[in-house]
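Bear in mind that the values here come from a model prediction, so they are computed numbers and not experimental data. Every chain is numbered from 1 and lettered A, B, ... according to where its sequence line falls, protein lines coming before strand lines. Only heavy atoms go into these numbers, but all of them, side chains included; no hydrogens, no water, no symmetry mates.
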Amino acid sequence: MEGIYLDNNATTMVDPVIVEEMLPYFTDQFGNPSSMHAFGNKVGFAIKKARKQIQELLGAEHDSEIIFTSCGTESDSTAILSALKAQPERNEIITTVVEHPAVLTLCEHLEKEGYKVHYLKVDAKGRLDLSEYQQVLSERVAVVSVMWANNETGTIFPVREMAEMANRAGVMFHTDAVQAVGKIPMDLKSTKIDMLSISGHKLHAPKGIGVLYLRRGVRFRPLLRGGHQERGRRAGTENTASIVGLGKATELAMEHMEFENTTVAAMRDRLQEGILDAVPYSFVTGDPDNRLPNTCNIAFEYIEGEAILMLLNKQGIAASSGSACTSGSLEPSHVMRAMDIPYTAAHGSVRFSFSRYNTMAEVEKVIEVVPPIMAQLRKLSPYWDGDRPLDEPEKAFAPTYA
Amino acid sequence: MWDYSETVKEHFYNPRNAGAVEEANATGDVGSLSCGDALRLTLKVNPETEVIEDAGFQTFGCGSAIASSSALTEIVKGMTLDDALTVSNQDIADYLEGLPPEKMHCSVMGREALQAAVADYRGEEWSDDHEEGALICKCFAVDAVLIEETVRANNLKTVEEVANYTKAGGGCASCHEGIEEILAMVFEEKGETFDPTADVIPAVESTPETLVAGATGMTNLQRIRKIEKVIESLRPQLQLDGGDVELVDVMGDTIYVNMTGACNGCQMAAMTLGGIQQRLIEELGSFVKVLPSTEMPKTAAGV
Ligand SMILES: Cc1ncc(COP(=O)(O)O)c(C=O)c1O
């Protein structure tokens with residue numbers, strides 16, 4: 001596929017090495033790992049190996065703490081619903097306003113069922129206020145669910161510290177680490193994190209495979225009951241090939257951890273600098289000093305994200321946007337709104353997310369292509385005049401809103 | 001990525017009439033608050049003839065907002081103001097060979113900008129009467145505000161009734177949970193509880209007499225003649241689009257019709273049926289349901 005792919009927080013390419021590793025489990029070794037015959041005799045070992053590989057990347061104490069699921073969303077749902085089911089006397093949840101819909105939509109639904117949800121707010125850089133968090137921690141809270149890193153801005157939350165605080169208050173702690181795993185070194189055994197979600201397709205494994213890390217001893221209630229797979233904690237015949245793929249993917253992520261935090265981060269930094277230098281009225285959203293090495297989110301003022309993406313796409317560049325129009329909802333990204341980004345900028349926010357398959361040559365190409373696109377769209381913008389915004393743009397153009 | 005028509009893409013990549021018109025004497029600034037899109041339309045109107053001699057747009061918005069703005073300026077150039085005011089958002093969408101349902105509001109914004117610009121030219125105050133909510137039904141592009149208002153105005157009680165009145169939920173059915181939530185909210189306002197398993201309670205007892213007289217005091221014969229007349233009046237429009245409709249039977253509040261030609265069998269058929277139903281409800285002054293004759297009960301159809 002020709003083109004420059006800078007949308008790795010949405011999903012990633014499956015590494016060809018990983019595909020190679022997976023293929024036998026569709027054909028020769030297609031057997032059910034639970035069966036007593038030769039068609040599946042290697043499968044059980046393969047799953048065991050994958051579990052070990054993932055244990056290693058996470059720094060988990062035991063491999064039995066790794067539960068395979070169908071995706072990041074399932075892991076999130078399993079974690080939160082398990083905490084509620086296992087502790088019926090507790091009916092509160094703490095989360096943040098900037099979580100992925102996998103957590104937010106579930107929490108909103110649980111509110112309708114009578115649970116009380118505390119949504120921690122963020123500041124203009126997307127950071128939490130830990131004293132606000134401390135105040136809502138109580139014995140009524142069943143679970144805290146806070147993402148490790150934000151998918152839109154890459155901003156990292158202090159989950160280790162927050163898990164300690166939850167632990168001191170006797171509250172379970174879950175983190176959606178879908179964006180963080182493979183990009184940030186982890187050692188779960190030395191933390192107080194009780195549950196953690198992974199999704200394979202964010203780290204070059206296939207879509208449709210996830211993991212829930214469940215610390216040994218944490219009370220648990222399965223989401224799916226049925227067969228004895230995953231020690232009865234997640235019934236359903238294992239997605240063998242994808243499990244093998246995810247195992248290999250975590251191994252590769254370990255090997256590239258340093259590369260990710262040096263070379264990939266350098267490409268990201270160069271892109272950011274190149275764009276900010278060349279495009280006036282643009283700025284980075286989130287917390288640039290504390291974010292994933294592969295992500296940068298830039299707001300281009302007075303123009304709209306979907307239009308930007310369409311023009312980028314025409315040049316073979318893939319990115320994504322927090323604009324309302326790309327999501328099919330009418331609201332701009334909840335993450336941009338939570339940080340109080342003015343809507344004339346929030347709609348024009350574009351996320352560039354890298355992987356180890358990007359190159360510096362691609363970065364230079366994007367830096368070349370982006371400024372004329374922004375200029376072209378600004379020429380159409382009612383907030384823009386010549387080479388700058390109107391004076392007091394939001395007063396000079398103040399439409400009647402429907 | 002959205003499934004945009006080639007025409008939408010063409011107008012987005014090569015917008016017509018971008019920028020403000022010089023010597024403009026009419027300006028319409030409108031925006032869609034929920035979506036964040038905004039549009040400034042400038043017109044140069046000949047004061048003698050009221051013909052729009054030039055039109056230009058500046059748009060802060062997505063691909064389809066820009067394409068809709070471009071289409072709008074192309075459509076209205078050369079029109080008189082009165083003619084321009086008859087341009088509907090559907091006309092804009094049609095000009096672009098359709099818009100995804102989620103994007104229909106972009107064409108609405110175009111029409112509103114036009115109304116605002118004409119009001120500006122005539123020294124009138126323009127205010128918008130249309131509020132827009134989150135999109136609930138993606139098959140027929142129906143938003144929450146419209147559903148809520150229709151539920152209130154007509155005292156609707158079930159998802160089925162909502163589908164009959166607004167078309168929302170009449171397609172793939174995946175928005176039924178959302179519709180139930182709106183019903184539950186309106187019920188709660190009235191201090192009642194919504195029962196999703198309840199059957200439609202007929203507003204009037206369905207005795208032959210009430211069916212004959214309806215709420216409007218017409219005899220059965222008058223009523224059927226009226227229905228015939230309404231359907232007759234809609235045929236020329238449908239024939240223009242290569243389709244046709246005929247009245248098959250009337251059973252109480254249910255009117256069976258036969259759709260033919262281009263209207264038959266596609267999503268447009270459902271849209272058209274909804275439109276016919278709407279007209280009949282207006283003309284008869286009472287609720288009726290319009291169904292294709294294929295849904296007629298076998299025994300009643302005499303086969
Ligand atoms: C932070 C975060 N959580 C959860 C998910 C959902 O993962 P999945 O697509 O595997 O369900 C995603 C990815 O879209 C994500 O970015």
Side-chain angles (χ1 to χ4, degrees), chain A residues 7 108-109 112 300-315 318 320-333 336-337 341-349 373 376-386 389-390 393-402, chain B residues 1-2 4 8-9 12-13 15 18-20 27-42 57-67 69-70 100-103 105-106 108-109 112-113 115-116 119 125-135 138 143-144 177 181 184:
Chain A
D7 201 12
E108 283 159 16
H109 178 72
K112 286 186 204 150
F300 299 96
E301 292 186 83
Y302 311 115
I303 45 182
E304 197 274 341
E306 185 201 292
I308 299 172
L309 295 188
M310 285 178 73
L311 291 178
L312 282 173
N313 182 53
K314 209 169 171 219
Q315 306 264 5
S320 68
S321 164
S323 124
C325 287
T326 53
S327 62
S329 81
L330 290 170
E331 299 282 352
S333 136
M336 295 299 139
R337 273 188 302 145
I341 308 278
Y343 85 95
T344 44
H347 280 281
S349 68
I373 288 179
Q376 178 183 344
L377 287 173
R378 279 173 176 168
K379 234 191 276 169
L380 299 179
S381 171
Y383 295 103
W384 199 258
D385 184 22
L390 300 168
E394 276 158 55
K395 276 195 196 140
F397 178 69
T400 311
Y401 278 103
Chain B
M1 198 60 87
W2 298 106
Y4 284 139
V8 171
K9 284 190 225 164
F12 169 68
Y13 291 127
T27 302
D29 291 349
V30 297
S32 152
L33 191 58
S34 42
C35 166
D37 285 0
L39 158 62
R40 167 172 286 175
L41 177 71
T42 49
F57 78 89
Q58 289 158 286
T59 294
F60 171 79
C62 59
S64 53
I66 288 172
S69 309
S70 167
E102 289 89 342
K103 298 289 190 166
H105 62 92
C106 297
V108 174
M109 193 171 74
E112 289 173 346
Q115 292 171 344
E125 188 76 29
W126 178 78
S127 74
D128 178 66
D129 55 356
H130 151 100
E131 197 189 338
E132 194 182 297
L135 192 65
K138 296 196 173 171
D143 69 39
E177 184 180 354
E181 280 172 10

Over all heavy atoms of both residues, which pair between [X] and [Y] is shortest? Give the atoms and the distance, please.
X: A/P399; Y: B/G31; value: CB-N, 3.7 Å
X: A/P382; Y: B/A38; value: CG-O, 4.3 Å
X: B/F12; Y: A/L377; value: CE1-CD2, 4.3 Å

Test item: B/P15 and A/L380 side chains (from C-beta on) under 4.5 Å apart, heavy atoms: yes

Heavy-atom check, side chain of B/Q58 versus side chain of A/F397, under 4.5 Å: no

Working to the nearest 0.5 angstrom, can you tell me the gap between [X] [atom1] and [Y] [atom2]?
X: B/E177; Y: A/H109; atom1: CD; atom2: NE2; answer: 7.0 Å
X: B/Y13; Y: A/K314; atom1: OH; atom2: NZ; answer: 6.0 Å
X: B/I66; Y: A/E304; atom1: CD1; atom2: CD; answer: 7.5 Å

Proximity breakdown for B/P100 and chain A, heavy-atom pairs closer than 4.5 Å: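 Answer is neither: B/P100 stays 4.5 Å or more from chain A.
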
